[in-house]
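Counting from 1, the numbers follow the sequence of the chain as shown. Note: hydrogens, waters and symmetry copies are ignored here, and every other heavy atom, side chains too, is used. One-based numbering, in listed order, for ligands and for the atoms of each.
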Amino acid sequence: MAKSQVLGNAPRTSTVAETAKTRSASKPNVWRDYLTMTKPKVVAMLLLTALVGMCLAVPGIPPAKAVILGLIGIGFQSAAAAVFNHVLDRRFDTQMARTYNRPLAKGRIETWKAVVFASTLMVMGFIILLELNALTAWLTMASLVGYAVVYTVWLKHATPQNIVIGGIAGAAPPLLGWTAVTGQLDPHALLLVMLVFTWTPPHFWALAIHRRDDYAKAGIPMLPVTHGIEFTKTMVLLYTVMLFIVGLLPWLTGMSGGVYLVGSSLLNLGFIGYALKLKFADSKGHAWATFKYSIWHLLALFVVLLGDHWIRSLMF
Ligand code: HEM
Ligand SMILES: CC(C)=CCC/C(C)=C/CC/C(C)=C/COP(=O)(O)OP(=O)(O)O
């Protein structure tokens, strides 16, 4: 068999495969763009905190209906809030390196279609949560409005304390999960909200330090832009110390046990360590590393909360 025949197929086959791959990569993937607008990784983490709220609301396993309808409803409303955020921020997104390639900023999706998408998710989520109880439906809607309107439209562009106040919306999911199961507010649920609320500033301000010039160019008054990077580093450190103290409350109030105390203290000391290095021994990329740590930290913190709860349920 001639060499060209033996090799003839290889380049052509790989050429066909490469062409197909290139075409699929270059062809705008509309569905991926719609998914991107929902901030799926953020929503996934929000739902984890909501699920932990559901599980801590009752000894043992929470009712399946509350878990399934609650997660779908809170998930739809969180996703809707994220899409509304893309719609309302689309002009600012064009001005930042981190966000300029987003679907609406680039015009890959028409704004009215994103509004219809967000509105559909919002209404579906609300109706699903109403099926559980009105308290959860209205609290979740309030969180959506708090993030998509109060934070995105007003606070984000008005004050460097934007994310401290706006952080209430993102900290709501554990409370929403709790009320999805019990139908009522509980002080212990507010402890979970306080954990996320105290975690949010160091989470975001580490990113804001890393992306200071981006925010300055877009004219968004994030703390590193209005008060400087050194002040922001100090605030990151203060909030991580505050998080360590707030992190003791679930144990001090008896809601959580020793497993949580050890796990949360180690995680929060780790966050303080990152913040100390950021403040006193910063190095290239450490602000970004601190931001990335904050995500794994919150994930692990809520897993530890859940693990402690189930260990105590099994033992007592
Ligand atoms: C007002 C409160 C918050 C602000 C201002 C904020 C800010 C941000 C920003 C700017 C990013 C980078 C997004 C990107 O570049 O695509 C981000 C990423 C992220 N945030 Fe936050 N955040 C907040 C609250 C939360 C909360 C409450 C959670 C979870 C419970 C969370 C979880 C995450 C996760 C998982 C990512 C990584 C997303 C990815 O890699 O695509 N954030 N956050
Ligand atoms: C129903 C409910 C619980 C709603 C709130 C949940 C929610 C979607 C919180 C988002 C937190 C977050 C990533 C904010 C960043 O906004 P940004 O505009 O500062 O970030 P960006 O510049 O990356 O868009």
In terms of relative ring orientation, are H297 and F271 parallel, tilted or perpendicular, with 30° and 60° separating the classes? tilted

Is N85 in polar range of ligand 2, meaning some N or O pair under 3.5 Å apart? yes

So if you build clusters from Ile, Leu, Val, Met, Phe, Trp, Tyr with side-chain heavy-atom gaps below 4.5 Å, do I168 and L190 land together? no

Would you find a donor on one side and an acceptor on the other, under 3.5 Å apart, between the side chain of W199 and the backbone of S294? yes

Has ligand 2 got any nitrogen or oxygen that is less than 3.5 angstrom from a nitrogen or oxygen of Q77? no

Any side-chain to backbone donor/acceptor pair from T179 onto L176? Under 3.5 Å, distance only. yes

Work out which heavy atom in S143 is nearest to a heavy atom in A169; give both atom names and the distance. O-CB, 3.4 Å

With a 4.0 Å cut-off on heavy atoms, is A169 in contact with ligand 2? yes

Does T38 reach the main-chain N or O of A79 with its side chain, forming a donor-acceptor pair under 3.5 Å? no

Are N29 and R108 linked by a side-chain donor-acceptor pair shorter than 3.5 Å? no

Hey, does Y151 sit under 4.0 Å from ligand 2 if you only count heavy atoms? yes

Heavy atom of T152, distance to ligand 2 below 4.0 Å: no

Between the side chain of T152 and the main-chain N/O of V149, is any donor-acceptor distance below 3.5 Å? no

Are any of the side-chain nitrogens in D89 or R102 under 4.0 Å away from the carboxylate oxygens of its partner? no

Mind listing the N or O contacts between ligand 1 and protein, cut-off under 3.5 Å?
unit_1	atom_1	unit_2	atom_2	d
ligand 1	15 (O)	R98	NH1	2.9
ligand 1	16 (O)	R102	NH2	3.4
ligand 1	20 (N)	H203	NE2	3.1
ligand 1	22 (N)	H203	NE2	3.1
ligand 1	42 (N)	H203	NE2	3.1
ligand 1	43 (N)	H203	NE2	3.1

State whether the shortest distance between N or O atoms of Y147 and N or O atoms of ligand 2 falls below 3.5 angstrom. yes

R102 near ligand 2, heavy-atom distance under 4.0 Å? yes

Check if R98 has a non-hydrogen atom at a distance under 4.0 Å from any atom of ligand 2. yes

Could you tell me whether T99 and ligand 2 have an N or O pair separated by under 3.5 Å? no

Can any side-chain N or O of H309 pair as donor or acceptor with the backbone N or O of M255 at less than 3.5 Å? no

